[in-house]
Amino acid sequence: MPEGNAVHRTAGILQRELGGRVLSASSPQGRFAAGAELLDGTRLVRSEARGKHLFLGFAPPGAAVGPEDEPPRWLHVHLGLYGTWTLGTGEPPEPVGALRLRLVSLEDGLDDPDEVRWADMRGPTACEVVTPEGVDLIAARLGPDPLLGDDPAPYVERVRGTRTTIAALLMHQDVISGLGNIYRAEALFRARLHPYAPGRDVPAPVLLALWDDVSVLMREAVERGRIVTTDPADRHGPGPKGRGLDHYVYRRAGLPCRICGTPVATAVLEARNLFWCPRCQAA
DNA sequence: GCCATATGGAAAG
DNA sequence: TTTCCCTATGGCA
């Protein structure tokens, strides 16, 4: 259930665990059988993320693919809301349920069964084999990604050019890519921005500060494997168990704002739940 | 253990 | 605008 941070993290893990290896690919569920066949027996040579999209580059096992060479074939994955990767070492477990794709390392001469690596993927919204041009086509639909160190100018320009609310725009992947519902709510709170402010009314320096803020937060989350947006000084007081102190307003409807105590407000915007503090984020 | 909910987006209608 | 994908988590019994 990833926002951009989790996708970038997964890309790194897959690169580390399976990168450079020849893999078997299968679709126990059957729904990706044709695609898996195209990848079966090829080598994973690249693992990259852009926004919430994951791209795995594959090349024939014998081909010399250097850092500059473009893999001829890519697996494009978008996990959507339910999708998930599960990785492991050793003998992969018997496939259970709707297993869309299984990748298993196939190195000749490996005696140690623990050196077998596998990766299972379930429930993705998108899972397809595409050409390099196909990758470009998908990337062209995406706005700048804070985790890639992109130039934020196009994002600022898009936001400043419309009356659409800032809360809606932060979720539009063609405006800024990688943010999801948690970062939307938390970044707006940290900026003390009202979610319904029209994009054109938000000053460019404020938009740039928000960009810088999520860049740092998301980078931390890639390392940590978990989204924490509260500053340490604000991480106090009674709260739900577990991750209850990680956020300022996300999923805290009706609970007191960590800063001012006002009950956190909620509304549905473009079919997604929105959370904000009506006092700290005054109109 | 059961049940409601959801960090998303594409396809269908 | 609604439906689908069909997993994982957290709260509660």
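Throughout, protein chains are lettered first and strands after them, A, B, ... in sequence-line order, and every chain is numbered starting at 1.
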Quiz item: A/Ile182 has an atom CD1; how far is it from atom C1' of C/dG10, in whole Å?
Solution: 14 Å
Quiz prompt | Cation over ring face, A/Arg192 and A/Phe189, 6.0 Å, 45° | solution = yes
Quiz item: When the P atoms of C/dA8 and B/dA10 are considered, how many whole Å apart are they?
Solution: 22 Å
Quiz item: Looking across every strand, which nucleic acid part, if any, lies under 4.0 Å from A/Asn273 by heavy atom: base, sugar-phosphate, or nothing?
Solution: sugar-phosphate
Quiz prompt | A/Leu255 CG - C/dG11 C1' separation (whole Å) | solution = 13 Å
Quiz item: Taking only residues two or more places apart in sequence or in another chain, which ones pass ring-ring contact (aromatic ring centres under 6.0 Å, His included) with A/His76?
Solution: A/His53, A/Phe55
Which pairs of donor and acceptor atoms, one on a side chain in residues 276-283 of chain A, lie under 3.5 Å apart (sequence neighbours left out)?
unit_1	atom_1	unit_2	atom_2	d
A/Gln281	OE1	A/Cys277	N	2.8
A/Gln281	NE2	A/Leu188	O	3.4
A/Gln281	NE2	A/Leu193	O	2.8

Residues 155-169 of chain A side chain polar contacts: donor-acceptor under 3.5 Å, at least two apart:
unit_1	atom_1	unit_2	atom_2	d
A/Tyr155	OH	A/Leu207	O	2.8
A/Arg158	NH1	A/Asp174	O	3.4
A/Arg158	NH2	A/Asp174	OD2	3.4
A/Arg160	NH1	A/Arg200	O	3.0
A/Arg160	NH1	A/Val202	O	2.8
A/Thr162	OG1	A/Thr164	N	3.0
A/Thr162	OG1	A/Thr164	OG1	3.0
A/Thr165	OG1	A/Ala168	N	3.3

What donor-acceptor contacts under 3.5 angstrom involve side-chain atoms of residues 214-225 of chain A, with partners at least two apart or in another chain?
unit_1	atom_1	unit_2	atom_2	d
A/Ser215	OG	A/Trp211	O	2.7
A/Arg219	NH2	A/Leu147	O	2.8

Exercise. Could you tell me the separation between the CG atom of A/Asp246 and the C1' atom of C/dT9, rounded to a whole number of Å?
Key: 14 Å
Exercise. Return the value, rounded to whole Å, for the distance between atom CD of A/Glu270 and atom P of C/dT2.
Key: 14 Å
Exercise. With DNA chain B as reference, determine whether A/Arg141 or A/Asn5 sits nearer its 5' end, using the nearest nucleotide of each.
Key: A/Asn5
Self-check item: Distance below 4.0 Å between A/Arg272 side-chain N/O and B/dT7 OP1 or OP2
Solution: yes
Exercise. Would you tell me if any nitrogen or oxygen in the side chain of A/Lys52 comes within less than 4.0 Å of OP1 or OP2 on B/dG9?
Key: yes
Exercise. Rounded to the nearest angstrom, tell me the gap between atom CZ in A/Arg226 and atom P in C/dG10.
Key: 10 Å
Nucleotide N/O of nucleotides 4-6 of chain C paired with protein N/O under 3.5 Å:
unit_1	atom_1	unit_2	atom_2	d
C/dC5	N4	A/Tyr82	OH	3.2
C/dC6	OP1	A/Gln29	NE2	2.9
C/dC6	OP1	A/Arg100	NH2	3.0

Quiz item: Salt bridge check: are A/Arg272 and A/Glu270 linked by an N-O gap of less than 4.0 Å?
Solution: no
Quiz item: Looking at B/dA10, B/dT7, B/dG9, which one has an atom nearest to any side-chain atom of A/Tyr250?
Solution: B/dT7
Quiz prompt | Atom pair distance, as rounded to whole Å: CE in A/Met121 and C1' in C/dA8 | solution = 16 Å
Exercise. Please report, rounded to the nearest Å, how far the C1' atom of B/dG8 is from the CG atom of A/Leu54.
Key: 15 Å
Self-check item: A/Ile227 or A/Ala126, whichever maps to the more 5' nucleotide of DNA chain B
Solution: A/Ile227
Practice problem: Mind checking side chain to side chain donor-acceptor pair (under 3.5 Å) for A/Gln173 and listing every partner two or more places apart, or none if nothing turns up? | Solution: none
Quiz item: What integer distance in Å separates A/Tyr183:OH from B/dA6:C1'?
Solution: 17 Å
